[in-house]
Every structure is written in structure tokens, then in C-alpha cells.
S.K.: 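Below is the structure I would like to discuss, written out as C-alpha cells.
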Amino acid sequence: MEHKTSEFSLNHTLTSGQFFRFQKVDNWYYCQERDKCFKVCQQGNKLFFEGTDKAHITRLFGLSKQQEKAIETLAQDPTLLPLLKQYSGLRVMQRDPWETLVSFQCSIISNIPKIKKNVELLAQTFGKQVEFEGQRYAFPEPGEIDDLEKIKSCATGFRARYIHAANSMVTDSFFEKLKEEQYETAHGKLMEIPGVAEKVADCICLFSLGKTEAFPVDVWIERALRELYFNGKKVKHDEIREFAKKRWGKNAGYAQQFLYHWVRNR
DNA sequence: ATCCAGGAATTTT
DNA sequence: AAAATTCATGGA
């Protein structure tokens with residue numbers, strides 16, 4: 001199967017810290033999301049894929065005209081413009097909310113290679129085997145990550161009890177309802193889950209619930225904004241969140257993704 | 001060995 | 001209300 005794209009970069013999108021279960025083999029990216037195992041490859045403006053359908057690819061990689069338009073409006077920000085050009089084609093993904101929740105619980109004072117290891121081990125330990133050019137693993141469903149000691153054996157450390165608690169608190173329908181809620185409401189309900197505060201809740205909102213105004217603030221975003229917008233001055237995370245809301249509004253999440261990718265790759 | 005990593009929860013000032 | 005401490009693990 002193939003899909004024509006204008007101004008999309010599979011590489012930038014997959015390597016910008018929004019998604020963790022992929023491995024590059026030659027020109028193909030082998031991906032696992034929830035129960036799906038597939039591979040995808042970009043050649044010019046064409047996207048080739050096997051193992052899933054076009055609707056899934058379009059949703060997962062944010063290949064909507066709407067997102068393209070939203071990112072274009074960010075070009076009015078002269079500070080952001082060079083970043084938009086440098087990382088042209090970077091998109092905000094729309095992932096499975098449950099897997100996104102667990103992934104970002106794992107992210108707490110961690111790093112991307114370790115998060116990848118955590119989610120892969122969780123899939124191997126609790127998920128079903130899937131055959132796709134070899135044996136791979138689906139991500140376990142809500143309710144299936146139910147053994148605290150086994151969660152710890154996935155190198156999750158002190159985060160294990162957060163994941164264990166979340167496993168018995170949420171269902172797929174819980175997330176479907178959150179998608180219908182206002183950003184502030186969804187964000188607040190997510191923070192009732194152990195291991196979920198402002199930043200993790202914002203990652204879930206942005207990467208899996210379609211809340212484009214969510215602006216996750218971590219140490220990297222803090223560095224980026226301090227340098228680009230605050231003249232090197234120290235700023236509190238709350239202050240950064242307010243700044244982002246005022247400056248970019250509903251499109252703050254898109255701005256965040258470019259800022260994060262820029263500050264990590266310059 | 002020492003330090004830090006896409007923070008959150010708890011305790012102490 | 002704000003600041004300090006604790007929380008496991010792995011890689012540099």
C-alpha cells in the first residue's frame with residue numbers, strides 16, 4: 001500500500017520522542033502500536049506500508065490537512081519559523097491512549113532508550129505474540145498488566161506501582177470519553193492516576209487525545225523557551241505553560257513538538 | 001565512581 | 001505555598 005504525502009517527514013516524526021516501539025531496518029521502520037505490527041517506509045512524497053491500513057497510518061502519523069494548516073499558522077511566529085523550516089514534515093502523532101499513558105509513566109526521570117526498553121519488555125511480558133516477519137509482541141490491554149513483580153522485572157523501578165495502579169483504573173472507553181471532553185477536564189481527570197501530573201497528562205492529551213493546545217513542559221522545553229523567548233532567564237514551568245497558551249493557543253502542542261525536536265538535535 | 005535522565009509524590013521549611 | 005528530598009535503573 002502507499003499514501004501520497006505533502007511535506008511529511010517519517011524520520012522526524014518517529015525520532016521526536018512521541019513514539020517508542022519502532023526499529024529501523026534498512027529503509028523500513030518496523031512499528032508496533034497496541035495490537036498492530038507493521039512496517040512503513042518513505043520515498044520522497046510517497047509513504048509505503050505493510051501490515052496495517054491507510055486509515056491507521058493517517059491517524060497515527062497525523063497526516064491530516066487540518067494539522068498541516070495549523071502548523072502553517074505557526075509560521076507567523078518569527079522565532080518559530082526557522083525551526084518549522086529546518087524540521088519540515090514533523091507531525092504530532094495520534095497514538096493509542098492506553099499505551100501512551102504507560103509509556104509516559106515510564107518516562108519519569110528517564111530517557112528515550114530506557115523508555116523503549118521498558119515498553120518492549122512490558123509487551124514481551126504481558127502482551128500477545130503477533131507474527132509479522134518474525135515473532136513480535138502486541139502491547140497488553142488495560143487490565144492485563146496486573147503483576148507488580150513482573151512489572152518491576154521490566155526495569156520500571158519505582159514506576160511499577162504507578163503502572164500497576166493505572167492498569168486497574170482505566171479502560172479503553174474511559175479514554176474515548178476523555179476525547180469528547182474539554183482539554184482542561186481531560187487533563188484534570190488524567191492527573192487522578194498515580195504517576196500522572198501536569199507533564200505526563202499533557203503528553204497523553206497531545207499525543208493520544210487530540211488536545212492540540214496541550215503543551216508538555218519538561219527540562220528540554222524549559223531550555224528551549226528560556227533561550228528563545230525568555231532571554232536566558234530562569235522560568236517556572238507554570239509560567240511557561242501560560243506563555244504557550246497565550247502565544248500559540250490551540251496550536252501550542254504543534255509548537256511544542258518543533259521546539260522539543262530542535263533543542264534535542266541542534 | 002559520580003552524575004544525570006521527556007517528573008511525581010511526599011515531607012519539610 | 002514554596003522548597004527540599006526521595007524514588008530505581010541504566011548509560012555515559
S.K.: Which pairs pass salt bridge (charged side-chain N to carboxylate O under 4.0 Å, His left out) with one or both residues in residues 130-143 of chain A, sequence neighbours excluded?
M.R.: A:Lys39-A:Glu133
S.K.: Whole-Å distance between B:dG6 P and A:Trp262 CH2?
M.R.: 16 Å
S.K.: Is a side-chain donor or acceptor of A:Asn231 paired with a backbone partner of A:Lys233 at a separation under 3.5 angstrom?
M.R.: no
S.K.: In whole angstrom, what separates A:Ile163's CD1 from C:dA8's P?
M.R.: 13 Å
S.K.: Contact class for A:Phe207 (heavy atom, under 4.0 Å): base, sugar-phosphate, or nothing?
M.R.: base
S.K.: A:Asn118 CG to B:dG6 P: how many Å, rounded?
M.R.: 13 Å
S.K.: Under 4.0 Å between a Lys/Arg side-chain N and an Asp/Glu carboxylate O for A:Arg241 and A:Asp238?
M.R.: yes
S.K.: Would you indicate what A:Ser153 reaches in the nucleic acid, counting non-hydrogen atoms under 4.0 angstrom: base, sugar-phosphate, or nothing?
M.R.: nothing
S.K.: Who pairs with A:Arg95 by salt bridge (Lys or Arg N to Asp or Glu O under 4.0 Å), at least two apart in sequence or on another chain?
M.R.: none
S.K.: Roughly how many Å is it from CD1 in A:Ile204 to P in B:dG6, rounded to a whole number?
M.R.: 18 Å
S.K.: Just to be sure I understand the geometry, which residues of residues 237-259 of chain A put a non-hydrogen atom under 4.0 Å away from DNA chain B?
M.R.: A:Gln256
S.K.: Surrounding CG of A:Asp146 (heavy atoms of other residues, nucleotides or ligands, distance under 6.0 Å), is the total greater than 12?
M.R.: yes
S.K.: Provide the distance between the two C1' atoms, one in C:dA2 and one in B:dG6, to the nearest whole Å.
M.R.: 24 Å
S.K.: Is A:Glu68 salt-bridged to A:Lys65, going by a charged N under 4.0 Å from an acidic O?
M.R.: yes
S.K.: Is the phosphate of C:dA8, meaning OP1 or OP2, less than 4.0 Å from a side-chain N or O of A:Arg159?
M.R.: no
S.K.: Identify, between A:Ile109 and A:Lys117, the residue whose nearest nucleotide on DNA chain C lies closer to the 5' end.
M.R.: A:Ile109
S.K.: Would you give the length of the straight line joining atom CG of A:Leu121 to atom OG of A:Ser153, rounded to the nearest 0.5 angstrom?
M.R.: 7.5 Å
S.K.: Would you give me the side-chain donor-acceptor pairs under 3.5 Å for residues 15-22 of chain A, sequence neighbours excluded?
M.R.:
| residue | atom | partner | partner atom | Å |
| --- | --- | --- | --- | --- |
| A:Thr15 | OG1 | A:Asn11 | O | 2.7 |
| A:Ser16 | OG | A:His12 | O | 3.2 |
| A:Ser16 | OG | A:Thr13 | O | 3.0 |
| A:Ser16 | OG | A:Gln18 | NE2 | 3.1 |
| A:Ser16 | OG | A:Gln257 | NE2 | 3.1 |
| A:Gln18 | OE1 | A:Met93 | N | 2.8 |
| A:Gln18 | NE2 | A:Thr13 | O | 3.4 |
| A:Gln18 | NE2 | A:Arg91 | O | 2.7 |
| A:Arg21 | NE | A:Glu99 | OE2 | 3.4 |
| A:Arg21 | NH1 | A:Tyr137 | O | 3.0 |
| A:Arg21 | NH2 | A:Tyr137 | O | 3.3 |

S.K.: I need the CD1-C1' distance between A:Ile112 and B:dA5, as an integer number of Å.
M.R.: 10 Å
S.K.: Treat primed atoms plus P, OP1 and OP2 as sugar-phosphate and everything else as base, then score nucleotides 8-13 of chain B 5' to 3': B for base contact with protein heavy atoms under 4.0 Å, S for sugar-phosphate contact only, - for none.
M.R.: SS----
S.K.: In whole Å, what is the span from the CD1 atom of A:Ile115 to the C1' atom of C:dG11?
M.R.: 14 Å
S.K.: Do the side chains of A:Arg266 and A:Glu227 get close enough for a salt bridge, i.e. N-O under 4.0 angstrom?
M.R.: yes
S.K.: Starting from the C-alpha separation in whole Å, work towards a yes-or-no answer on ring-ring contact (aromatic ring centres under 6.0 Å, His included) for A:Phe258 and A:Trp248.
M.R.: CA-CA 13 Å; A:Phe258 280 88; A:Trp248 300 301; over 10 Å; no
S.K.: In whole Å, what is the span from the CD atom of A:Gln105 to the P atom of B:dG6?
M.R.: 18 Å
S.K.: For B:dA8 versus C:dG11, give the span between their P atoms, rounded off to a whole number of Å.
M.R.: 23 Å
S.K.: If I pick the P atom on B:dA9 and the same atom on C:dG10, what distance separates them, to the nearest angstrom?
M.R.: 23 Å
S.K.: Tell me which residues in residues 216-227 of chain A lie within less than 4.0 Å of DNA chain B, going by non-hydrogen atoms.
M.R.: A:Pro216, A:Asp218, A:Val219, A:Trp220, A:Ile221, A:Arg223
S.K.: Ion pair present between A:Glu176 and A:Lys179, side-chain N to carboxylate O less than 4.0 angstrom?
M.R.: yes
S.K.: How long is the line joining OH of A:Tyr260 and P of B:dG6, in whole Å?
M.R.: 6 Å
S.K.: Centroid separation under 6.0 Å, is that true for the rings of A:Phe49 and A:His56?
M.R.: no
S.K.: Nearest to the side chain of A:Lys236 - C:dA3, B:dG6, C:dA8?
M.R.: C:dA3
